[in-house]
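Reminder, nothing fancy here: chain letters follow the sequence lines and each chain counts from 1. All values reported here derive from a predicted model rather than from experimental measurement.
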Amino acid sequence: MMNIVEVQGLTKTYGGVHAVDDVSFTMESGKIYGLLGRNGAGKTTIMHMLTAQMFPTSGKVHVFGETPYENNRVLSQVCFIKESQKYPDHFRVSDVLELCPVIFPNWDQQFADQLVNDFHLPRKRAIKKLSRGMLSSVGVIIGLASRAPLTMFDEPYLGLDAVARALFYDRLIEDYAEHPRTIVLSTHLIDEVSRILEHVIVIDSGKLILNKDADAIRGQAYSAIGHAEKVESFISGQETIDRKPFGSLLAATVLGSLDPESRKQAELLGLELTPVSLQQLIVHLTKQKSDRRAVDFR
Amino acid sequence: MGFTMDDSRPIFVQIAEHIEDDIIEGRLQEESQVLSTTQFASFFQINPATAAKGVNLLVDENILYKKRGIGMFVATGAKARLMEKRKESFYEQYVVAMICEAEKLGISKEQLTDMIRRGEGTK
Amino acid sequence: MNRIATVMKIHAKDKLMWFIVPWFLVLLPAFLVNLLIGWIAQPENGLYTGGLASIFVCLLLIGISTLTKSFPFALGLSIRRMDFFLGTLIMVTAVCLGISVVLSALSFVEGDWGWGVGLHFFNLPYLSDGSFVEQWWTLFATAFHVTFLGFFIIAIFRRFGRTGLFFLFPVIFLAGSVLGFLCTYFGWWTDIFNWLSGHSAAQLASWLFVGAVIYVLLSFFMIRKATV
């Protein structure tokens with residue numbers, strides 16, 4: 001499969017602070033990626049640099065094999081929906097939608113119209129007068145109907161209620177199945193999107209700490225709960241990413257898959273083992289603000 | 001097997017298990033068509049590529065086979081093969097564990113078979 | 001080309017800013033107020049007013065707002081900086097052309113007639129001297145200049161951020177003070193006034209146009225490096 005995004009040693013510094021710090025990854029065509037991490041981790045900055053809306057301090061960015069800066073061959077294939085998108089004053093929803101067919105070569109007007117109805121978006125209303133949720137749905141509609149070969153959603157569902165979010169996922173999955181393309185979902189709400197993701201890239205404090213297939217991460221960590229000393233002996237020699245004591249008990253989260261051997265050992269020690277979900281794992285990995293080195297899964 | 005995916009285990013494995021259960025419990029007959037990956041994806045709200053991976057796992061095990069341009073079908077003899085596979089894991093998961101536990105508690109072989117008979121009686 | 005046209009479309013959608021505000025919310029009320037004053041006061045030597053300047057102030061603000069809202073919007077929609085710049089340049093040129101032609105026509109209509117009350121609103125001494133083309137050129141070059149002055153100022157902001165503007169204004173102020181002092185010290189003021197009065201409005205407008213071209217070029221280089 002062709003790499004449509006290639007990032008190498010990407011760094012962005014603001015007055016001595018590393019907003020993005022030596023990040024390298026690639027993205028293949030036709031996959032759904034999760035760009036995950038806490039607020040302010042550097043996700044948005046990375047996407048701004050992928051679309052040449054910001055300039056890297058150092059490092060290489062290639063999109064569709066070329067540098068994106070002032071490059072219409074690249075930019076016409078990219079749709080970046082960001083939470084902070086600005087609109088000219090007095091613009092109405094319809095004004096924005098009318099511009100899209102020219103900007104995005106793959107734009108599907110029928111699909112866009114259907115989405116406007118699905119999301120109950122008032123076409124004639126000024127963008128300024130939209131609620132936060134409605135504003136988010138404008139972005140969602142543009143992003144989906146653009147069918148851009150690289151579509152990036154940055155926190156696309158702020159203010160959207162559960163029904164609208166479910167609608168977004170539904171339409172995304174359906175349309176993606178019919179028109180495969182590379183989609184990047186950037187969010188700190190991992191719970192809802194994790195099942196849609198094929199590949200996960202986790203950024204923490206500007207650094208890349210995880211870059212793995214989503215299904216390869218699931219089942220790659222578990223928690224052991226029980227008496228502190230017994231838990232300690234069980235986890236010794238294993239990579240522990242979280243420990244939560246309460247009273248004489250300890251809950252420790254360990255990287256690694258559960259083999260029958262350790263299951264048996266845990267049973268002997270009277271420990272309770274619970275699997276860790278993708279979301280919980282990422283929360284654990286990004287909880288410490290210290291500069292944790294990249295996690296290595298075996 | 002529920003109707004939502006558990007986020008702590010690989011989803012493609014869960015999709016495969018879901019189809020296996022349907023075959024074993026007779027909801028999916030042999031030579032009948034399986035849902036498309038797109039249908040799986042929208043029903044479970046998962047990535048279509050992941051759904052395809054789960055289906056392909058069963059294709060590799062000759063449980064499903066592909067009819068070009070039509071879709072995926074349950075292979076003849078799939079149920080029997082799955083039962084065989086499950087029996088093997090039943091032995092691993094339950095029987096071996098039971099015997100281990102019985103040894104720990106000092107339960108004799110005779111007592112154990114008695115217990116199994118008693119268990120059958122309650123059914 | 002498509003994308004340049006899209007940028008123009010983005011601008012054109014804002015009819016309020018480009019068309020309605022300058023003509024109907026700024027110039028028309030200014031004109032009507034002056035007409036009313038002329039009608040009430042009936043001045044003997046005619047009423048001369050600077051109300052025309054209002055539309056140029058308006059253009060300055062238009063120059064500023066194209067870059068504050070439309071630029072981040074366009075960039076966010078995967079439009080190149082170059083395309084945004086060219087689309088905006090064409091749009092501004094077209095609007096200035098329109099404004100200058102209409103103002104020239106109004107000036108011609110006003111002429112010595114003065115709307116029956118001796119009002120000189122569009123046809124002003126000195127500014128409206130010379131041929132019709134010269135009058136039009138004066139108006140066009142001035143309009144173009146002020147719009148790109150606004151554009152230029154905000155391009156500095158886009159490129160260098162708030163600190164850029166904080167540096168710019170003291171520098172301009174300082175340079176102006178030093179220059180003023182030097183002019184007084186060496187007695188250049190009379191020469192400057194002689195030079196200015198020795199040229200027609202249209203000739204001075206050509207100098208304004210040269211200034212505008214410099215703004216355009218400098219803005220272009222700053223926009224090329226601007227971020228959202």
- [ ] May I have all residue pairs that pass ring pair (Phe, Tyr, Trp, His ring centres under 6.0 Å) and include part of residues 33-72 of chain A, sequence neighbours excluded?
- [x] Y33(A)-H199(A), H48(A)-F80(A), F55(A)-Y69(A)
Task: Pair K9(C)-L99(A), side-chain contact (heavy atoms from CB on, under 4.5 Å): steps then yes or no - done: CA-CA 8 Å; K9(C) 227 175 174 179; L99(A) 295 167; 3.9 Å; yes
Task: Heavy-atom proximity to chain A below 4.5 Å, by part of A74(C) - done: neither
Task: Check: S78(C) side chain, V78(A) main-chain N or O, donor-acceptor pair, under 3.5 Å - done: yes
Open item on the list: Quick check on K82(A) against chain C: is it the side chain, the backbone, both or neither that has a heavy atom closer than 4.5 Å?
Closed with: side chain
- [ ] Return yes when atom CZ of R224(C) has more than 12 non-hydrogen atoms of other residues, nucleotides or ligands closer than 6.0 Å, and no otherwise.
- [x] yes
TODO: Show your reasoning for whether side-chain contact (heavy atoms from CB on, under 4.5 Å) applies to D89(A) and M17(C).
DONE: CA-CA 9 Å; D89(A) 293 340; M17(C) 181 180 87; over 6 Å; no
- [ ] Look up atom CD1 in I79(C) and atom OG in S76(A), then write down how far apart they are to the nearest 0.5 Å.
- [x] 11.5 Å
Open item on the list: With a 4.5 angstrom heavy-atom cut-off, is it the side chain or the backbone of Q77(A) that approaches chain C, or both, or neither?
Closed with: neither
TODO: For atom NZ of K60(A), decide whether the heavy atoms of other residues, nucleotides or ligands shown that lie under 6.0 angstrom number more than 12.
DONE: yes
Task: R80(C) to N71(A) - nearest heavy-atom pair and separation - done: CD-N, 3.8 Å
Task: F91(A) and F73(C) aromatic ring geometry - parallel, tilted or perpendicular at 30°/60° bounds - done: perpendicular
TODO: Measure distances from L75(C) to the heavy atoms of chain A and classify the residue's part below 4.5 Å as side chain, backbone, both or neither.
DONE: both
Open item on the list: Could you report the tightest heavy-atom contact between P72(C) and K86(A), atom names first, then the distance?
Closed with: CG-CD, 4.1 Å
Open item on the list: Using a 4.5 angstrom heavy-atom cutoff, name the option from T51(A), N72(A), D95(A) with the most pairs to chain C.
Closed with: N72(A)
- [ ] With rounding to the nearest 0.5 Å, note down the distance linking CG in L77(C) to CD1 in I103(A).
- [x] 4.5 Å
TODO: Output yes when a side-chain donor or acceptor of E70(A) lies under 3.5 Å from a complementary backbone atom of M82(C), and no otherwise.
DONE: yes
Task: Gap separating the NE2 atom of H90(A) from the NZ atom of K13(C), nearest 0.5 angstrom - done: 14.5 Å
Open item on the list: Could you check whether atom CH2 of W113(C) has more than 12 heavy atoms from other residues, nucleotides or ligands sitting under 6.0 Å from it?
Closed with: yes
